Amino acid sequence: MDHKRHNGSRLMGGPSQAKRGKTMGEWEDSPSQFEEELSMFEEADMDAEEMEGQAGHDVIPVGDLFSADLNPRWRRPPAPSLDPSSDTLVFQQIDLDYYLAGMPGQSQGKVPIIRMFGVTDNGNSVCCHVHGFAPYFYVPAPNGFMSAHLVEFKKELNSAVLKDMRSNKDNISVTVLAVDITRKESMYGYHGKHIIDFLRITMAMPRLIAPAKRLLEQGFKFAHFPTSNYQSYEANIDFEIRCVCLRKRYKIIWKTWWRDENDRYRLNTQKEASLCQYEVDVGWKDLISHPAEGEWQRIAPLRVLSFDIECAGRKGIFPEPDKDPVIQIASMVQRQGETEPFIRTVFTLQSCASIVGSQILCFTQETKLLQSWAEFLRTVDPDIITGYNIQNFDFPYLLNRAAALKVNYFPYLGRVRGIKSVLKDLNFQSKQMGRRENKTINMEGRVQFDLLQVLLRDYKLRSYTLNAVSFHFLQEQKEDVQHSIITDLQNGNEQTRRRLAVYCLKDAYLPLRLLLKLMCVINYMEMARVTGVPLTYLLSRGQQIKVVSQLLRQATKQDLVMPVVKTEGGEDYTGATVIEPEKGYYSLPITTLDFSSLYPSIMMAHNLCYTTLLQKGSVEKLGLAPEDFIKTPTGDLFVKSSLRKGLLPEILENLLSARKRAKAELKKETDPFKKQVLDGRQLALKISANSVYGFTGAQVGKLPCLEISQSVTGFGRQMIEQTKQLVESKYTLSNGYQADARVIYGDTDSVMVKLGVATVKEAMDIGREAAEWVSSHFTPPIKLEFEKVYYPYLLINKKRYAGLYFSSSASTHDKMDCKGIETVRRDNCPLVANLINTCLQKILIDRDPQGAVEHAKEVISDLLCNRIDISQLVITKELTRTAQEYAGKQAHVELAERTPSTCWRTTFPLTHNTTWSSSCPNLSKQKRATTHAVKLREAPVLAAKLCSRQMVCVCNFHLLYFSWCFGK
DNA sequence: GTTATCGCCTAA
DNA sequence: TAAGTTAGGCGATAAC
């Protein structure tokens, strides 16, 4: 075999060198680096295989082969046989869903069966059918209800639901499986341990809950009881959440290991409904779950598959699945916990020269390529599938292409036999993320972990192209292949196709590397474990579900039930205070004091919860004494924890103690990247804790309670005001301090104090002391902490400031901290961000405002003389957005070539002789709008935007400058 | 020519 | 059917 590197990257009429920016010079080396990396894998494999036996061929010659020549390592390790009478099956659950099936021994009627998927320590896949758990909800029992009435109630409700059904394609005859009486209490409002009878209504299917709830709410009559409108409880809980949550009572936590109890599971040998190696049936009660502690914290060797496809598009047209073929699919598979992929494969259309370290399968027919890849996927049987934008591009394209070519066996990508993977459009909308159109593909038992979606959720980046992201996190980039030449490469020879294959492989490899580096899988599992939400929900749903799940878990322990409230948008409530800033440049240390986790600690300190809320008239009705409850700044009443401890405070305590642990680990950790990850985790827990407050204020949500949220912000407003007064009253000349302290700014939970001391050390010492002293005025766990000193400090406006950040040491600053300024905003072009950044550095670090002026002038002059690279002028976010409208990641590359900005550069040189220097210093607010001397009558809109933004940057610069000179 | 409002993004 | 919160700066734009 030829082990020499095939340098197939030199092409006749190859890619235009002109397109390359100056920073891309090092790309020249990158292909060989990646290929060397690949060949290293090969060596490692050979060592391993001397023990294992044969491996697959490097290149399988052109031909339309399949299964006969499978690479043996594609399969999972053989599953040791288990004896149901003596062995237990232990596995880590990674996904769950449910299906409907006829109950044995019952001729008609279907019941839901939970299907759990998981992996054993040995790396064998498991499908576990859990029987005997049905969805249910509650309504309060009417007055005078006795157990003798249960039969009648059930019968009436059952027939009402049946009658309500428009069609009955499942031929359901029994909708209500059971009704029983349980002692429960509503979690909404305190009513003095008032436990009452509730009817627990168990339905045959999850989707029957909604109609039953509606019928009961609209007015339901049975037996001699009068028609009444029943308020329903917990009727809006997803079934998956329900079954995970309920088991929480028995210490089941998501992401745990399951085994049967008393060896009572059966191997399900007849059904083989899934592709898993073990398939078992188990009763709900016979399932044991282990909290993720000690040995159960370990993670099974999950199989993570990353893939990327290439299509041969037509010139200038985005590939369309009904016309343009899929020419390559690269796949990499790695076991969770290992550092290298053990499968590296490219499926190619037409021949392809060998690539050391990867297996190439060549096909002459595209249909065979697609079908074989699907078979490959089913054989590898990954638990997690990743890639870059696979959710909205690769998978939809493959499915549509397979449909267009009538590859009938393609779209079965899940683990359940006979379930077709279908493409659906999904509109996801939230205030946080705006409207987002997504596609979804069902893939039972596998978790789709699209890295782009993860990054969009968790990281705020200027650009989300795979190239930019890889550079940002890995300092590595894609193989240099211009998108426009892909078709040419395909139509070339086996060497050009080899080049394409290397490119494609790298695009499959990078997501895997990123996933590992960012520790996404582990972090998401942790989040799932903490909140009790299935892994897939974390990527497909919003923040609320996490709080609901925790709330429900906590509530169930105390026999509290959650009401269904109708969602209606109401009045907004008052939020936090932002102290009016004393704008200017401070060449003195400024001490910053923060309340740590302000809102959560307010809720804990004052026991704010649904369960402690006193609704109108409750005080009188329950005969409460004044010392039993508190009145919040907004006038709402809550009972003290001596009467009842709230659920929300409990949840928050859990989250914050988890955060403390993470922070402690962070301190011990030395590896800078793991540190970053731990930091990310503690941040996630903080965000989770903060979203508890957000949840109560979400008026279009599962359980809004404005009394709680407005009380929280009310306390917050009071506290920041009080903090300001306390600090300014104690740290005064008359009390023997160096100066009268002054709170120059503060936002929500922090105050910036000018103590009048000259050194950072003094500012820190007094800061620590002040924090402790102020804390003593508040109820624990509310705590004001000294966090940092800014020196010098430039305060531009509310939510806009910069300063050198001193925290760990009094002698050297940790960083230059910028808040809200152009440097941190993604709606500015890089030129503006860089210019402001440099100016700030000159002002704050070099203390050279004149240098800042010079620099700005220089940049502006470069701009006007057209000496600025176009990449500096493009707002990447806008490009990304436009690219998303094209609905494909390859559009990113396309756009780089096709974006009108390149045209503007030639047709619209930035040569306007603007009057920026004379007009900008007049910074009277409204006048500034008129200083846009550039009147761009014929220019494209975006170009105009860019120009004016540059003007803005100049104006801002002057603001900085004048703040420095005059603002004190 | 000012002034209210919207879109976007950030601070907390 | 599902969607964490409010405060606030700043540019663009429509309305007066």
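Predicted model, so just to flag it, every value in this text is computed and none were measured.
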When the distance from [atom1] of [X] to [atom2] of [N] is rounded to whole Å, what number comes out?
X: Leu652(A); N: dG4(C); atom1: CG; atom2: P; value: 17 Å
X: Gln699(A); N: dA3(C); atom1: CD; atom2: P; value: 16 Å
X: Gln543(A); N: dA2(C); atom1: CD; atom2: P; value: 16 Å
X: Tyr801(A); N: dT10(B); atom1: OH; atom2: P; value: 15 Å
X: Ile602(A); N: dT5(C); atom1: CD1; atom2: P; value: 18 Å
X: Arg825(A); N: dG8(C); atom1: CZ; atom2: P; value: 15 Å
X: Asp817(A); N: dT10(B); atom1: CG; atom2: P; value: 15 Å

With a 4.0 Å cutoff (strictly under), does any side-chain N or O of [X] reach OP1 or OP2 of [N]?
X: Tyr537(A); N: dA3(C); value: no
X: Lys460(A); N: dT10(B); value: yes
X: Arg800(A); N: dC10(C); value: yes
X: Arg541(A); N: dA3(C); value: yes
X: Asn797(A); N: dG8(C); value: no

For atom NZ of Lys783(A), is the number of surrounding heavy atoms from other residues, nucleotides or ligands below 6.0 Å larger than 12?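 No, NZ of Lys783(A) has 12 or fewer neighbouring heavy atoms, counting only those of other groups under 6.0 Å.
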Under 4.0 angstrom, heavy atoms only, what part of the nucleic acid is [X] near: base, sugar-phosphate, or nothing?
X: Val824(A); result: sugar-phosphate
X: Val578(A); result: sugar-phosphate
X: Tyr573(A); result: sugar-phosphate
X: Asp594(A); result: nothing
X: Lys799(A); result: base
X: Tyr745(A); result: nothing
X: Thr574(A); result: sugar-phosphate
X: Gly575(A); result: sugar-phosphate

Are [X] and [Y] ion-paired here, with the side-chain N under 4.0 Å from a carboxylate O?
X: Arg800(A); Y: Glu822(A); result: yes
X: Glu582(A); Y: Lys754(A); result: no
X: Arg214(A); Y: Asp164(A); result: yes
X: Lys799(A); Y: Asp747(A); result: yes

Reading DNA chain C from 5' onward, which residue's closest nucleotide shows up sooner: Asn236(A) or Ala576(A)?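 Here Asn236(A) is the residue nearer the 5' end.
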First of Lys702(A) and Lys798(A) reached from the 5' end of DNA chain C, by closest nucleotide: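 Going by which nucleotide is closer to the 5' end, it is Lys702(A).
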Before giving the answer on salt bridge (charged side-chain N to carboxylate O under 4.0 Å, His left out), spell out for Asp238(A) and Arg541(A) the whole-Å C-alpha distance, their side-chain angles and the decisive distance to 0.1 Å. CA-CA 12 Å; Asp238(A) 301 88; Arg541(A) 304 279 293 269; 3.2 Å; yes
Watson-Crick or G-U counterpart of dC10(C), or none if no pair lies under 3.5 Å: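 Across all strands, the one nucleotide that pairs with dC10(C) is dG7(B).
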Looking at dT5(C), dG4(C), dA11(B), which one has an atom nearest to any side-chain atom of Lys819(A)?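 Looking only at side-chain atoms, Lys819(A) lies closest to dA11(B).
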